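Notes follow the structure.
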Amino acid sequence: MAESRRVAVIGAGPSGLVTARELQREGHRVVVFEKSNQLGGLWDYNPQVETDLLSLDPNREIIHSSLYKSLRTNLPRQLMSFSDYSFDCAENGNRLNFPEHEEVLKFLNEFANDFAINELIRFNTEVVRVAPVEFGGNRWIVESKSEELSSEEVFDSVVICNGHYTVPRVANIPGIKNWPGKQIHSHNYRVPEPFKDQTVVVIGDGPSGLDICRDIATVAKQVHLSTRSSEIEVSKLDNYENLWNHSKIDHVDESGEVTFLDGSSIHADIILHCTGYKYDFPFLETNGIVSVDDEGRAVGPLYKHVFPPKLSPCLSFVGIPSQTFHCDDQGIIFLGSELQAKWIAQVLSGKVLLPSEDDMLADVEDHNRQLEEAGIPKRHTHRLHPHVMEYIDWIAAQMEMPSLDAGLKEMYWSIYRCIGKVGYANYRDLWVFDNLAKLSL
């Protein structure tokens with residue numbers, strides 16, 4: 001007979017919602033903690049920004065979402081679906097292949113309603129502490145607060161689904177303390193109007209950096225995109241008259257100048273950091289068993305990015321992999337989190353067994369050793385590309401499920417091929433044009 005556990009799920013974003021569904025399907029008793037008044041997590045657009053635009057002040061009021069108003073998904077709707085729940089959004093009678101964020105939130109609300117997940121969610125309830133019960137045999141205390149009231153409850157298991165697009169990483173630029181201009185992180189970017197007639201340097205040429213610099217270019221005097229590379233030559237970008245590509249920043253100074261590694265420089269009004277985010281679990285107390293590295297780039301040790309070997313299966317994480325499952329990167333987003341959630345739910349019910357603690361630790365150490373030998377930076381510890389399909393199929397195999405549909409795999413790789421040919425700026429339109437026949441999946 002399958003075991004039924006009382007499980008706390010932290011966060012009601014996509015990962016938390018699908019985790020709650022899978023746990024409930026396995027007969028577990030679920031409580032979802034959500035500190036906002038709305039489900040959706042990252043996809044719940046909030047026009048407000050933090051008072052500290054770099055998000056460095058520990059006493060600031062934290063805004064969870066990092067969505068900007070113009071954001072569309074990087075993936076077609078077929079790859080934003082769950083295995084048994086299709087993302088089939090429409091606008092003016094026409095299906096959008098790369099939906100806007102409002103459609104994603106609508107989809108998540110429909111998913112929650114159809115599976116009665118709302119009934120499991122405690123809104124406006126922030127988790128402030130998660131810790132093992134002393135002498136409690138792998139049980140967990142979850143302390144939460146709501147409207148100035150605090151409570152402590154004991155759960156058999158905890159699944160952490162709080163996302164990792166809220167605590168920004170900021171570039172360390174020589175001379176920045178004396179630079180007189182304004183700084184902002186993309187976490188606090190919403191609309192281009194505040195950048196009107198300004199000269200802006202955008203750091204980071206990932207998906208958000210490229211989206212935002214083109215957004216800003218519609219109103220700014222000049223926009224200069226600084227990449228990680230030291231070999232990029234100064235050039236116009238995307239046929240914009242006021243948008244330039246640059247190498248990495250060498251230094252800035254008190255005159256307002258920003259100097260790049262190639263020796264070129266410009267006088268800027270604003271530096272916008274599109275430099276990524278840190279993993280952060282301020283509520284989690286494990287006495288160092290689970291930790292985040294000093295720069296917030298890696299969580300460990302985690303077996304297959306999900307289970308801490310020493311605390312498994314009673315503590316687990318969904319949605320940790322980056323550049324695989326999330327809106328700022330390419331990958332199989334919701335389906336990846338769904339399979340992780342299914343795996344956790346079946347492990348907790350006893351249907352699927354994990355390896356021994358020693359074997360899981362050995363697997364983690366082997367993974368880290370392979371990264372180091374390949375010269376892969378620590379910031380890519382949880383990056384699965386180009387092996388995301390193997391990862392998804394591996395998890396499916398743990399539950400004796402079939403591999404991912406071949407058509408979805410081909411769709412995934414066709415996007416990468418299209419980006420390689422035409423660049424990130426134009427691939428959405430050109431991929432749709434080249435792949436209309438494949439959209440009937």
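Not measured: the values here are computed from a predicted model.
Atom NZ of K409 has more than 12 heavy atoms from other residues, nucleotides or ligands within 6.0 Å. For E233, the CD atom is loosely surrounded, since the number of other residues' heavy atoms within 6.0 Å does not exceed 12. For N287, the CG atom is loosely surrounded, since the number of other residues' heavy atoms within 6.0 Å does not exceed 12.
In this structure a side-chain-to-backbone donor-acceptor pair under 3.5 Å is present from R214 to L210. The closest donor-acceptor contact from the side chain of N188 to the backbone of E50 lies under 3.5 Å. Checking side-chain atoms of T381 against main-chain N and O of K378 turns up a donor-acceptor pair under 3.5 Å. Using modelled atom types, no side-chain atom of R60 and backbone atom of L53 make a donor-acceptor pair closer than 3.5 Å. Distance alone, capped at 3.5 Å, is enough to place a donor-acceptor pair between the D393 side chain and the L404 backbone. The closest donor-acceptor contact from the side chain of Q340 to the backbone of G319 lies under 3.5 Å.
If you check the side chains of S70 and D215, you find a donor sitting under 3.5 Å from an acceptor. There is no side-chain donor-acceptor pair under 3.5 Å between N178 and D253. Judged purely by distance below 3.5 Å, without hydrogens or angles, the side chains of E143 and S150 never pair a donor atom with an acceptor atom. Between the side chains of S144 and T125, no donor N or O sits under 3.5 Å from an acceptor N or O. Residues W140 and S157 have side chains that never bring a donor and an acceptor to within less than 3.5 angstrom of each other. In this structure, a donor-acceptor pair under 3.5 Å is present between the side chains of D366 and Q370. For the 3.5 Å distance criterion, the side chains of S208 and Y189 fail to qualify, holding no donor opposite an acceptor. Side-chain contact of D211 with Y68: a donor-acceptor pair under 3.5 Å is present, judged by distance alone.
Salt bridge present: E110 and K106 bring a charged side-chain N and a carboxylate O closer than 4.0 Å. Between E100 and R428 there is no salt bridge, since no side-chain nitrogen of the basic residue lies less than 4.0 Å from a carboxylate oxygen of the acidic one. A salt bridge between E241 and K236 is present, with a side-chain N of the basic residue lying under 4.0 Å from a carboxylate O of the acidic one. Taking a cutoff of 4.0 Å between a charged side-chain nitrogen and a carboxylate oxygen, D363 and K304 qualify as a salt bridge.
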Going through the checks in order, is the ring-ring contact (aromatic ring centres under 6.0 Å, His included) test met by H367 and H382? CA-CA 10 Å; H367 173 72; H382 302 296; 7.7 Å; no
Walk me through it: do R417 and E410 pass the test salt bridge (Lys or Arg N to Asp or Glu O under 4.0 Å)? CA-CA 10 Å; R417 291 194 295 269; E410 170 55 27; 2.4 Å; yes
Worked check of salt bridge (Lys or Arg N to Asp or Glu O under 4.0 Å) between R129 and E152: CA-CA 9 Å; R129 187 169 71 98; E152 284 190 3; 3.2 Å; yes
Report the C-alpha distance between L284 and F317 in whole Å, list the side-chain angles of each, state the deciding distance to 0.1 Å, and finish with yes or no for side-chain contact (heavy atoms from CB on, under 4.5 Å). CA-CA 12 Å; L284 183 60; F317 296 78; 4.0 Å; yes
Could you walk me through whether D84 and R21 pass salt bridge (Lys or Arg N to Asp or Glu O under 4.0 Å), step by step? CA-CA 12 Å; D84 58 354; R21 185 188 73 163; 2.9 Å; yes
Worked verdict on C161 versus I10 for side-chain contact (heavy atoms from CB on, under 4.5 Å): CA-CA 5 Å; C161 310; I10 301 175; 5.9 Å; no
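At least one side-chain heavy atom of P301 sits under 4.5 Å from a side-chain heavy atom of P309. Considering only heavy atoms from C-beta on, Y277 comes within 4.5 Å of H187 through its side chain. Within the 4.5 Å cutoff, the side chain of M389 has heavy atoms near those of the Y412 side chain. For the pair N46 and L67, the minimum side-chain heavy-atom distance is 4.5 Å or more. Inter-residue side-chain proximity for F33 and F283 is flagged as unmet; no heavy-atom pair is nearer than 4.5 Å. Taking 4.5 Å as the limit, every side-chain heavy atom of V18 sits out of range of all side-chain heavy atoms of F334. In this structure the side chain of D44 never reaches within 4.5 angstrom of the side chain of H64, judged on heavy atoms. Between D280 and T166, every side-chain heavy-atom pair lies at or beyond the 4.5 Å cut-off.
Considering all non-hydrogen atoms of both residues, S264 and V234 come closest at OG-CG2, 3.7 Å.
Scored by the salt bridge (charged side-chain N to carboxylate O under 4.0 Å, His left out) test, D52 finds no partners at all (sequence neighbours excluded).
The aromatic rings of Y279 and H164 are tilted relative to each other, their planes meeting at an angle between 30° and 60°. Between H273 and H185, the ring-plane angle classifies as parallel under the 30° and 60° cut-offs. Ring pair H224/W244 is parallel by interplanar angle, where below 30° counts as parallel and above 60° as perpendicular. F98 and Y427 have perpendicular rings, their planes meeting at more than 60° on a 0 to 90° scale where under 30° would count as parallel.
Between W343 and F307, the gap from one ring centroid to the other is short of 6.0 Å. In this structure, F87 has its ring center at least 6.0 angstrom away from the ring center of F111. A ring-centre distance under 6.0 Å is found for Y391 and H305.
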